[in-house]
**Q** 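Quick one: the structure is below, questions incoming.
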Amino acid sequence: MTIKKILIFAPIVIILALLQSYFWVPTYEQQTRGDPQRLRDYITASIGDASILNPILSADSASSQIESMVFEGLLDRDEDLNFRGRLATSWEIFEEAYFYINHHAHVPGLGKADGRDIVDRIKRAKARATTFSPPLKTSLELIEKITLLPPGERVVTRKEKDPETRKDSQIRLRVTAPARVKLILKKVDQNLFQNLTRLLGDEYFSSFRAGAYVGAETPAKEEKITAYAKDILPPTEHNPVLVFHLRKGVRFQDGHVFDANDVKFTYEAIMDPKNLSPRIADYEPVKTVEVIDPYTVRVVYKRLYSPAIGTWGIGILPEHLLNTASRKKEALRLGKDPKTFSLRQSRFNRHPIGCGPFLFRQWKSDQYIILDRFEDYWEGPANYKRFIVRIIPDLLTQEMEFYAGTLDNYAVQPHQVKRLKKDPRFQSFSGTSFGYTYIGYNMRRKPFDDVRVRRALSMAIDADKIIKYVLYGQGERITGPFVKQTDYYNHNIKPVPYDPQGALRLLKEAGWERNQEGWLEKDGKRFEFTLITNSGNDPRKAVLAIAQDAWKQIGIDVRTDILEWSVFIQERVDKADFDALILGWVMGIEPDLYQIWHSSQTHPYQLNFVSFKNKEADRLIIKIRQEYDHEKQVQYCHRLHEIIAREQPYTFLYVAKWTAVLDKRIVIKEVEPDGQVRYEKITPTKTGNYTFHFNKWIKLPQMPEFADEG
Amino acid sequence: MVSFIGRSIIQKTVTLFFVSVVSFMIIHLAPGKPSQVDPLNPKFTPEMVERFRQQFHLDKPLYEQYLLFYRDLFTGKTVSWKDNQSVLKKIWERFLNSLPLFLVGTLLTWTLSFPVGIRAAIHRGGLYDRSTTFFSYLLISIPGFFFAYILIIFVVTRFHVPVIGMETFGITSGSLAHQVMDRIWHLLIPSVLGATGGIAVLSRYVRSQMLEVEGQDYVRTARAKGLPPDQVHYKHALRNALLPFVTMFGLILPGLIGGSVIIESIFSWPGMGRMAYEAILARDYPVILTVNFVSAVLVLAGTFVSDLLYMVVDPRIRL
């Protein structure tokens, strides 16, 4: 019977044809030890693929990992998190400050004074600065130059939208600005004007009436003009200035020389609304970027904003490849409209060129990205020849590939740490991450508006046990909103102790007492609320159950709910419709807490969704983002940390610890000036960053022995 | 016949229109926004969110968005919000990656199920039948990812050869034959995994169909005529038992674009399923909607093909 035969033999033939391919496949042995090239490749894995390889456009970690290799910024942070020059060799920060002459103000000892008198007074005061009180003295001593700018007249137009007719209209304003004093300061001084009031009278700046100098040419309401006037003629203005001196002789990976125009171009590309850069908020405070000469760039800011320095770590784009002319050419070649063709459409995003240590070679979507070492890298070429990121979405397969030697590192999951740390084949590194997990209380609702209640809730939860059992010990307590490795974090603050009895005492003070059934009650109402979190995050889910149980133990009736992420955010967090929630924040190194903790950010869709409001905290938050002096910043941060820890708007639970393992054969290779090669063990920096010296890494054929090792 | 084809095309176009409207509505009504309009990043200012909304036409009324989207789709101008790549190009690339997996998987399913099922039906109640029943239910009930892990760990630790990805990573040298065989090896395990469920289900179907036909009068007649058993089973019974499978064959067409998220993720296979899944997570509407539309077209085309096939194989049916 032929049909029978076909039915039996077809599958057998197919299966045999498939199985025989096994004999053609290279084994792991051939791929690793059998391949001498393998020692010169560094292969790492990523869960997700990169999206856009352009530092000003991407917002995902997979892309930024590649970008950090291909592109180079003006500066970055060194082992101790201080700024370190990269494409910039050095930079200066000083300030240009302005204020308008207030003809109506009464100046002590002068009466109504014009510009020359004021300049004179400040100059004379500076000459005998030592006789003044210390704050004013420091401010005066910082002044380097005083100039009087003559009054001027100009016309300003403002666009506005009619809220009813939704039509755009223009208002023309005639501004007759009074004379203005310009002060150049050696250092940024946020207290300058406050201190100058001691010389010029308390009301000198605050009583300046901008509206008097602005008139409308087109009909407009009086209040509107005053509002615009305040914006056009601010009584005082701080303009911090950042001057970068660029490194000479640095080349892009296509051989083109890097200069100041590239920096200016990168800034302009970010600000170009057509490019839709997610980085735009970082650069919004910039007033101008000027090219002084090919190796000097001068950045002037509109206002005090100290986190601005760190933003210059952004990868610098090559102007010659992306400027308007080349973009136009590309658009025409692709048959697209040059007018709407933005950086987002450019081929550059999949074939990036920067000044970094590795140059782009190949990208296969969802498979791998290969970078080659850049031989002309300004700091000398890296030891590895290639840097490869393989996209492996599954952690178990990542682990298998790591054991097989086709991956060089593996990010260990908490439950594996104990086992893998001891494995003699690997070297392991660990550190605390930059984010923390917390329980946030909606302070708009009772009884969470009472600090005693919030504190009691925190005291009832045993965070150490959560770390021990949920995170397998891979976590640390945290007491406030700053990154634990930075000096902004106040280590003097003790975590809230686990003390259910103490919690009950505090609740009693607040009026909550246990009834016969054991539930806490106040005015006949039971203490009950709902604790929510998002689905898909196992540690949070575990914390949810633990917190519910811990609070039940002291008589609080807690219900829980787990919601899909977007429902959670859209319906609950954004609309502030929750009692308490479990969430986490990922922090940057910069201590700017404005969006999350300032009282102005408590509206729907803003990030202070717990509605934390504290006047002193508000002042400190503003002061921190305006302060350019690190020591002072640290001081303010410690105080802010104290306030937040005392107020307990969140129960700060933990920061997770990460652990990574590397093949032990990977070491640091240093070549001494006399040509001698020295191998060193890889040591992490103070903040736990073990890839800091990546460019010096190399893999040896045998496991090295280090003399200093016990 | 011609009138049937004409009618069916008109019907299917109308269905397609409704599918496009419904899928568009569902995606826009579902909670969650594209990641670019995600407000939980402190760096995103309201102005930027507004600008992205404009760029993506999210500020327009829904019907206008619908028209804009399908205009772009039919002129081939749709781009992914994630990386600005052309959606059709992306789908085509992924389709080519998923295609071999689908082909080998289907081939294994359809070639293995029939002998297994037929034998079980012929030796009904015997040891063979019982054990295939047992294994079928075992394979249906084992979660795919678990089975995949077991297989990977077994092959990797026992044979020390790579199994993930579309090809062995980092080996570029080697003859063409080596490269082809390498690809086939990497196809083997994921497609076997993809086929297991199919084999288990389909062989059950084959068995029950065969049993049903074996009980018919004409089979008894054939047997009574003194025909050899093989001829009774494979000629008289099998041919009639095959009829329902013709329709099923048309319905596997949509599988072309489906892909399997789990298998593709575990095996790092850059296929359709993974792309669609990631697009859904990122609320990348153009990609989701295009995949949705293409699969709707394929489903309709599949039913159309199976209708036609049915007509061809079963002369009793006139449409």
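Order of the sequence lines fixes the chain letters, A, B, ..., with proteins taken first and strands second; residue numbering starts at 1 for each chain.
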**Q** With a 4.5 Å cut-off on heavy-atom pairs, point out which of A:Ser21, A:Ser277, A:Ser566, A:Ser63 contacts chain B the most.
**A**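 Counting heavy-atom pairs under 4.5 Å, the top option is A:Ser21.
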**Q** More than 12 foreign heavy atoms under 6.0 Å from NZ of B:Lys60: is that the case here?
**A**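 It does: B:Lys60 NZ has more than 12 such atoms within range.
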**Q** In terms of the angle between their ring planes, are B:His178 and A:Trp24 parallel, tilted or perpendicular, with boundaries placed at 30° and 60°?
**A**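 Judged by the thresholds at 30° and 60°, the geometry between B:His178 and A:Trp24 is perpendicular.
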**Q** Once you round to the nearest 0.5 Å, how far does OG1 of B:Thr157 lie from CE of A:Met400?
**A**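 Taking OG1 in B:Thr157 and CE in A:Met400, the distance rounds to 6.0 Å.
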**Q** Given that the side chain runs from C-beta out, which part of B:Ala177 has a heavy atom under 4.5 Å from chain A: side chain, backbone, both or neither?
**A**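 Both parts, backbone and side chain.
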**Q** Select, from A:Ser58, A:Ser51, A:Gly588, A:Gly48, the one with the greatest count of heavy-atom pairs under 4.5 Å involving chain B.
**A**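 That would be A:Ser51.
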**Q** Does B:Arg274 reach the side chain of A:Asp49, with side-chain heavy atoms less than 4.5 Å apart?
**A**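 Side-chain contact under 4.5 Å: no.
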**Q** Which heavy-atom pair separates B:Tyr149 from A:Leu396 by the least distance, and what is that distance?
**A**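 Nearest heavy atoms, B:Tyr149 then A:Leu396: CD2-CD2, 3.0 Å.
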**Q** Under a 4.5 Å heavy-atom cutoff, which of A:Gln37, A:Glu571, A:Arg38, A:Gln20 has the most pairs with chain B?
**A**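 The residue among A:Gln37, A:Glu571, A:Arg38, A:Gln20 with the greatest pair count is A:Gln20.
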**Q** Which heavy atom of B:Thr111 sits nearest to which heavy atom of A:Ile14, and what is that distance?
**A**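 What the structure gives for the nearest pair is CG2-CD1, 3.7 Å.
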**Q** Out of curiosity, B:Glu93 CD to A:Lys364 NZ, how far, rounded to the nearest 0.5 Å?
**A**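 Going from the CD atom of B:Glu93 to the NZ atom of A:Lys364 covers 9.0 Å.
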**Q** Contact part of B:Val104 toward chain A, heavy-atom cut-off under 4.5 Å: side chain, backbone, both or neither?
**A**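 For B:Val104, side-chain heavy atoms alone lie under 4.5 Å from chain A.
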**Q** Roughly how far, to the nearest 0.5 Å, is CG of B:Leu188 from CD1 of A:Ile15?
**A**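 Rounded to the nearest 0.5 Å, the CD1-CG separation comes to 9.0 Å.
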**Q** At a 4.5 Å cut-off on heavy atoms, which part of A:Glu401 comes close to chain B: side chain, backbone, both, or neither?
**A**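 Side chain only.
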**Q** Report the option among B:Leu112, B:Asp182, B:Ile266 that has the most heavy-atom pairs separated by less than 4.5 Å from atoms of chain A.
**A**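 Counting heavy-atom pairs under 4.5 Å, the top option is B:Ile266.
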**Q** Please name the pair of heavy atoms, one in B:Pro162 and one in A:Tyr28, separated by the smallest distance, quoted to 0.1 Å.
**A**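 Nearest heavy atoms, B:Pro162 then A:Tyr28: CA-OH, 3.3 Å.
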**Q** Stepwise, does the side-chain contact (heavy atoms from CB on, under 4.5 Å) test hold for A:Asn349 with B:Asn84?
**A** CA-CA 9 Å; A:Asn349 301 332; B:Asn84 267 84; 5.9 Å; no
**Q** Looking at every non-hydrogen atom in both residues, tell me the closest pair between A:Ile43 and B:Phe169 and how far apart they are.
**A**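 So the two residues come closest at CD1-CE2, 3.8 Å.
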**Q** Quick check on B:Leu227: does its CG atom have over 12 non-hydrogen neighbours (other residues, nucleotides or ligands) under 6.0 Å away?
**A**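 Above 12, so yes.
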**Q** Please look at B:Phe159 and chain A and tell me whether the side chain, the backbone, both or neither of the residue comes under 4.5 angstrom of a heavy atom of that chain.
**A**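 Both backbone and side chain.
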**Q** Measure B:Leu108 against the heavy atoms of chain A and call it side chain, backbone, both or neither at under 4.5 Å.
**A**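 Only the side chain of B:Leu108 comes within 4.5 Å of chain A.
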**Q** More than 12 foreign heavy atoms under 6.0 Å from OH of A:Tyr403: is that the case here?
**A**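 Enclosed: over 12 neighbouring heavy atoms sit under 6.0 Å from OH of A:Tyr403.
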**Q** Sort out for me which of A:Ile6, A:Val25, A:Ile8 touches chain B most, counting heavy-atom pairs under 4.5 Å.
**A**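 That would be A:Val25.
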**Q** Just do the side-chain contact (heavy atoms from CB on, under 4.5 Å) check on A:Ile3 and B:Lys235 with the steps written out, would you?
**A** CA-CA 8 Å; A:Ile3 298 178; B:Lys235 198 161 179 192; 5.6 Å; no
**Q** To the closest 0.5 Å, what do you measure between CG (A:Leu18) and CG (B:Leu187)?
**A**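 Here the rounded value is 8.0 Å.
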**Q** Measure across A:Ala50 and B:Lys82 and return the closest heavy-atom pair with its distance rounded to 0.1 Å.
**A**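 Nearest heavy atoms, A:Ala50 then B:Lys82: O-NZ, 4.3 Å.
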**Q** How long is the straight-line distance from CD1 of B:Ile152 back to CD of A:Glu399, given to the nearest 0.5 Å?
**A**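 So the gap between those two atoms works out to 12.0 Å.
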**Q** Determine the option with the most heavy-atom pairs under 4.5 angstrom with chain B, choosing from A:Ile388, A:Leu57, A:Asp60.
**A**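 Going by pairs under 4.5 Å, I would pick A:Ile388.
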**Q** If I take atom CG from residue A:Leu7 and atom OG from residue B:Ser113, how far apart are they, to the nearest 0.5 angstrom?
**A**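 Those atoms lie 11.0 Å apart.
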**Q** Between B:Arg94 and A:Asp366, is there a side-chain N and carboxylate O pair less than 4.0 Å apart?
**A**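 A:Asp366 and B:Arg94: salt-bridged.
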**Q** Measuring only between side-chain heavy atoms, which start at C-beta, is A:Ser365 closer than 4.5 Å to B:Pro270?
**A**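 The answer is no, as the side chains (C-beta and beyond) never meet within the 4.5 Å cut-off.
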**Q** Considering only heavy atoms from C-beta outward, does the side chain of B:Ser268 approach that of A:Gln367 to under 4.5 Å?
**A**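 B:Ser268 vs A:Gln367: side chains apart.
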**Q** Between A:Thr27 and chain B, which part of the residue has a heavy atom less than 4.5 Å away: side chain, backbone, both or neither?
**A**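 The answer is both parts of A:Thr27.
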**Q** Given the rule in the side-chain contact (heavy atoms from CB on, under 4.5 Å) test, do A:Arg350 and B:Gln85 qualify, once you have shown the distances and angles that lead to the verdict?
**A** CA-CA 10 Å; A:Arg350 286 185 81 88; B:Gln85 297 280 301; 3.0 Å; yes
**Q** Below 4.5 Å, heavy-atom pairs only: which of A:Glu29, A:Arg390, A:Gln601 has the largest tally toward chain B?
**A**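 Looking at each of A:Glu29, A:Arg390, A:Gln601 in turn, A:Arg390 comes out on top.
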**Q** Between B:Phe267 and A:Asp394, is a side-chain contact (heavy atoms from CB on, under 4.5 Å) present by the stated rule, with each step listed?
**A** CA-CA 8 Å; B:Phe267 286 90; A:Asp394 188 80; over 6 Å; no
**Q** What part of A:Tyr368 is in contact with chain B, defined as an atom under 4.5 angstrom from a non-hydrogen atom: side chain, backbone, both or neither?
**A**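 Only the side chain of A:Tyr368 comes within 4.5 Å of chain B.
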